[in-house]
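Side chains included, hydrogens not; waters and symmetry mates left out as well; all remaining heavy atoms used. One-based numbering, in listed order, for ligands and for the atoms of each.
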Amino acid sequence: MAIQRTFSIIKPDATKRNLTGKIIAKFEEAGLRVVASKRIQLSLAQAQAFYAVHKERPFYDELCEYMISEPVVVQVLEGENAIAKNREVMGATNPADAAEGTIRKEFALSVGENSVHGSDAPETAAEEIAFFFSGIELVG
Ligand code: ADP
Ligand code: MG
């Protein structure tokens, strides 16, 4: 498996509770390297566009409102098999189902306020990185 890049968001419930460093430590312990990072406040239009894939789901409005409730930290993570590795470190969407030691098991509050987003495939990783980062921010 080659070196990959994936896209990550440290979500509002986590930034609000000052857990950014603890979550980044989990990525680093798993062999993922932060190669781009910024703390931003999403607009509603940006949250809606980012989560457009979920627009027919019953939780879409709640999800978008939540994602703009506090700043988020958007990041590009790099490493061996980074897309799957990140999903593994994140744990299941619902923290009640997440494995011991995962970010969501340790930090998530609920299925909605679940502390992190991570890309689920190479195509979405590429799209999501491009949504938030320009080429000049991705050097090295
Ligand atoms: P994941 O983030 O694990 O890839 P999904 O892509 O299915 O999960 O959902 C995107 C996000 O929508 C979740 O991380 C969570 O914040 C929110 N979400 C998912 N399911 C629910 C639900 N049943 N109720 C409220 N929010 C949800
Ligand atoms: Mg998803």
Side-chain angles (χ1 to χ4, degrees):
M1 184 38 94
I3 298 290
Q4 290 180 326
R5 285 182 172 186
T6 191
F7 176 72
S8 166
I9 305 178
I10 302 177
K11 291 181 173 181
D13 70 275
T15 60
K16 185 175 188 177
R17 289 176 292 148
N18 210 16
L19 293 170
T20 300
K22 285 188 171 146
I23 290 174
I24 292 172
K26 290 278 196 191
F27 297 140
E28 293 181 343
E29 282 160 20
L32 295 167
R33 179 182 301 274
V34 177
V35 296
S37 180
K38 57 190 174 186
R39 186 173 186 272
I40 57 174
Q41 175 77 53
L42 291 178
S43 69
L44 184 58
Q46 287 168 334
Q48 287 170 335
F50 181 75
Y51 277 121
V53 65
H54 293 310
K55 70 171 179 292
E56 306 306 331
R57 310 275 288 271
F59 56 80
Y60 178 67
D61 289 343
E62 179 193 331
L63 174 60
C64 294
E65 287 296 333
Y66 156 65
M67 290 299 291
I68 67 168
S69 65
E70 294 280 335
V72 296
V73 177
V74 294
Q75 304 198 108
V76 179
L77 305 177
E78 185 179 87
E80 193 80 21
N81 203 12
I83 296 165
K85 174 81 63 69
N86 180 40
R87 296 290 307 194
E88 196 182 307
V89 176
M90 288 165 60
T93 306
N94 187 340
D97 303 327
E100 285 301 326
T102 61
I103 292 168
R104 283 167 166 171
K105 177 72 176 184
E106 287 190 22
F107 303 122
L109 300 176
S110 66
V111 65
E113 294 185 297
N114 59 3
S115 302
V116 278
H117 165 86
S119 308
D120 57 13
E123 300 72 34
T124 49
E127 279 171 26
E128 291 174 358
I129 289 169
F131 188 93
F132 284 103
F133 292 95
S134 64
I136 200 158
E137 294 174 295
L138 288 167
V139 179

Q: For the side chain of Y60 and the backbone of Y51, is there at least one donor-acceptor N/O pair under 3.5 Å apart?
A: no
Q: Determine whether any heavy atom of R104 lies closer than 4.0 Å to an atom of ligand 1.
A: yes
Q: Ignoring hydrogens and geometry, is there a side-chain-to-backbone donor-acceptor pair from N114 to T93 under 3.5 Å?
A: yes
Q: Given D13, which of R17, K11, K16 fulfils the side-chain hydrogen bond (donor to acceptor under 3.5 Å, both in side chains) condition?
A: R17
Q: Starting from atom 8 (O) of ligand 1, locate the nearest protein heavy atom and write down its residue, its atom name and how far away it is, to 0.1 Å.
A: T93 OG1, 3.3 Å
Q: Determine yes or no for a side-chain-to-main-chain donor-acceptor pair under 3.5 angstrom, with K26 supplying the side chain and M90 the backbone.
A: no
Q: If the cut-off is 4.0 Å to any non-hydrogen atom of H54, which atoms of ligand 1 fall inside it?
A: 5 (P), 6 (O), 9 (O), 10 (C)
Q: Tell me every residue that passes ring pair (Phe, Tyr, Trp, His ring centres under 6.0 Å) with Y66, counting only those two or more places apart in sequence or in another chain.
A: none
Q: When you measure from atom 15 (C) of ligand 1 to every protein heavy atom, which one gives the shortest distance, and what is it?
A: V111 O, 3.2 Å
Q: Looking at ligand 1, would L63 count as a contact under a 4.0 Å heavy-atom criterion?
A: yes
Q: For atom 7 (O) of ligand 1, state which one of M67, E62, H117, R57 supplies the nearest heavy atom.
A: R57
Q: Do F133 and K38 make a side-chain contact, defined as non-hydrogen atoms from C-beta onward lying under 4.5 Å apart?
A: yes
Q: Would you call L19 and I103 a side-chain contact if the rule is heavy atoms closer than 4.5 Å?
A: no
Q: Check each atom of ligand 1 against the heavy atoms of N114 and keep those under 4.0 Å away; list them by number with element.
A: 13 (C), 14 (O), 15 (C), 16 (O)
Q: So, does R87 sit close enough to ligand 1 that a heavy atom of it is under 4.0 Å from the ligand?
A: yes
Q: Answer yes or no: is there a side-chain heavy-atom contact under 4.5 Å between F7 and N86?
A: no
Q: Among all protein heavy atoms in this structure, tell me which lies nearest to atom 22 (C) of ligand 1, with the distance rounded to 0.1 Å.
A: F59 CD2, 3.6 Å
Q: Mark up the atoms of ligand 1 that fall under 4.0 Å of a heavy atom belonging to K11, in ascending order.
A: 13 (C), 14 (O), 15 (C), 16 (O)
Q: In the protein, what heavy atom is nearest to atom 26 (N) of ligand 1, and what distance, to one decimal place, separates them?
A: G112 CA, 3.5 Å
